[in-house]
Amino acid sequence: MLSGDIPPNQTIYIKNLNEKVKKDELKRSLYCLFSQYGRILDVVALKTPRLRGQAWVCFSEVTAASNAVRQMQNFPFYEKPMRIQYAKTKSDCIAKEEGSYVPREKKKKQEEKAERKRRAEEAQQSAAANGIHGASNGGPTASFRQGSSAQEAAAPNNILFIENLPHETTGRMLEMLFEQYPGFKEVRLIEAKPGIAFVDFEDEVQSSMAMQALNGFKITPMNPMNITFAKK
DNA sequence: AGCACA
């Protein structure tokens, strides 16, 4: 119902994207945002009149796509909530991996018949494969966890304190998550202490918005971000 | 709203 009656697909179809974002930046940001769910084979975005504001993200596993559809539904991305469904057809990059790719001109009727069958099979496989995937994200906006320690919470202020980041996290990755919220200023990683960061906003209202939206966000399945106000 | 593969 949420995603219509489209059967599961390795590729997700995203609409309601901010059309002002340039194509290459959009593709890169989508790649970063969705790689938490699994290996991405391709990201397709076109700016033609008919296709702007939409994109396709192709995963190597159907289960990754399923998690992405559920957990990133309505995620505020460049100020607009993403609307995510399964793609209606198989992506070329997937067909190429399976060796079933037929160049555009030829594939018409003959392919479409076979494709229905294939998709039905995939739906079964994904059902069978369910149960492998681990922790489910409470949803990007669903989480309001405060500091897990018995610490006194700091009063709201313009600086966010981020904990539980994977050690491989880069400043650019965090920027891409936080810069979509108004008032963003900068990210500061602490080299001496991997796994934590500070994010500066113009004021405490704007920092609160970002905290509410991103608290608990999983950069990897093992790393839900823990966001609190920094102690001053 | 809009389902492609530059």
Side-chain angles (χ1 to χ4, degrees), chain A residues 1-130 133 137 139-141 176 180-182 213:
Chain A
M1 55 180 260
L2 281 166
S3 50
D5 43 9
I6 304 155
N9 190 305
Q10 271 168 267
T11 299
I12 57 173
Y13 167 71
I14 310 166
K15 60 184 178 180
N16 199 41
L17 292 168
N18 189 328
E19 297 174 11
K20 280 170 246 169
V21 182
K22 283 176 288 301
K23 190 172 73 177
D24 294 296
E25 177 180 350
L26 181 71
K27 286 166 77 166
R28 278 196 297 270
S29 299
L30 287 170
Y31 187 94
C32 287
L33 203 58
F34 281 99
S35 46
Q36 58 177 314
Y37 296 105
R39 192 159 71 90
I40 294 175
L41 303 177
D42 199 12
V43 177
V44 176
L46 291 289
K47 292 284 243 174
T48 60
R50 240 189 105 117
L51 292 169
R52 63 207 156 84
Q54 300 152 79
W56 289 261
V57 177
C58 314
F59 289 98
S60 63
E61 302 290 340
V62 188
T63 50
S66 300
N67 287 331
V69 167
R70 292 201 317 270
Q71 297 174 17
M72 293 301 280
Q73 198 59 255
N74 301 321
F75 181 81
F77 188 58
Y78 294 105
E79 276 110 32
K80 298 189 72 184
M82 293 194 284
R83 303 278 130 83
I84 312 176
Q85 302 170 347
Y86 293 113
K88 286 183 180 161
T89 59
K90 185 188 293 290
S91 297
D92 285 357
C93 68
I94 310 279
K96 280 172 185 161
E97 276 225 335
E98 308 176 338
S100 62
Y101 177 67
V102 183
R104 221 130 280 286
E105 282 70 37
K106 293 192 163 189
K107 90 179 238 184
K108 265 283 139 84
K109 311 283 163 68
Q110 156 213 39
E111 256 288 328
E112 271 160 38
K113 278 184 245 160
E115 214 164 89
R116 305 196 167 232
K117 202 190 293 175
R118 230 177 281 136
R119 270 190 265 137
E121 286 162 11
E122 280 183 9
Q124 303 221 317
Q125 284 174 7
S126 91
N130 272 336
H133 66 284
N137 203 330
T141 60
M176 275 190 278
Q180 34 179 356
Y181 299 96

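Throughout, protein chains are lettered first and strands after them, A, B, ... in sequence-line order, and every chain is numbered starting at 1.
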Gap between atoms [atom1] and [atom2], on [X] and [N] respectively (whole Å):
X        : N     : atom1 : atom2 : result
A:Asn9   : B:dA4 : CG    : P     : 13 Å
A:Arg50  : B:dA6 : CZ    : P     : 18 Å
A:Lys47  : B:dA4 : NZ    : C1'   : 16 Å
A:Gln10  : B:dC5 : CD    : C1'   : 15 Å
A:Trp56  : B:dG2 : CH2   : P     : 12 Å
A:Gln85  : B:dA1 : CD    : C1'   : 11 Å
A:Arg104 : B:dC3 : CZ    : C1'   : 11 Å
A:Arg83  : B:dA1 : CZ    : P     : 10 Å

Report task. Enter the distance from A:Thr63:OG1 to A:Tyr37:OH here, rounded to the nearest 0.5 Å. Result ->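 Going from OG1 on A:Thr63 over to OH on A:Tyr37, the span is 12.5 Å.
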Query raised in the report: Which residue, A:Pro49 or A:Lys96, contacts DNA chain B at a nucleotide closer to its 5' end, judged by nearest heavy atom?
Result: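 First, find each residue's nearest nucleotide; the 5'-ward one identifies A:Pro49.
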Report task. Could you pick out which residue, A:Arg52 or A:Thr48, lies toward the 5' side of DNA chain B when each is mapped onto its nearest nucleotide? Result ->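 Mapping each residue to its closest nucleotide by heavy atoms, the 5'-most match is A:Arg52.
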If you define the side chain from C-beta out and look only at heavy atoms, does anything of [X] sit under 4.5 Å from [Y]?
X        : Y       : result
A:Gln10  : A:Glu97 : no
A:Tyr101 : A:Cys93 : no
A:Met82  : A:Asn74 : no

Query raised in the report: salt bridge (Lys or Arg N to Asp or Glu O under 4.0 Å): which pairs involve residues 23-33 of chain A, sequence neighbours left out?
Result: none
For residues 11-20 of chain A, run the donor-acceptor check on the side chains, cut-off 3.5 Å, and write out each pair with its distance to 0.1 Å, sequence neighbours left out.
from    : atom 1 : to      : atom 2 : distance (Å)
A:Thr11 : OG1    : A:Ser91 : OG     : 2.7
A:Tyr13 : OH     : A:Gln54 : OE1    : 2.6
A:Asn16 : OD1    : A:Lys80 : NZ     : 3.1
A:Asn16 : ND2    : A:Pro81 : O      : 2.8
A:Asn18 : OD1    : A:Lys20 : N      : 2.9
A:Asn18 : ND2    : A:Tyr78 : O      : 3.0
A:Glu19 : OE1    : A:Arg52 : NH1    : 2.6

Requested in this report: Tell whether A:Ser91 reaches the base of B:dA4 with its side chain through a donor-acceptor pair below 3.5 angstrom.
Outcome: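 For A:Ser91, whose side chain was compared with the base of B:dA4, there is a donor-acceptor pair (under 3.5 Å).
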Query raised in the report: Base, sugar-phosphate alone, or nothing: which one does A:Leu46 contact when heavy atoms must sit under 4.0 Å apart?
Result: base
Query - Contact list for DNA chain B against residues 14-26 of chain A - heavy-atom distance below 4.0 Å - result: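 A:Lys15, A:Asn16, A:Glu19 - these, ordered by number, are the residues of the stretch whose heavy atoms sit under 4.0 Å from the strand.
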Report summary line: Applied to residues 14-33 of chain A, the ring-ring contact (aromatic ring centres under 6.0 Å, His included) test, sequence neighbours excluded, yields none
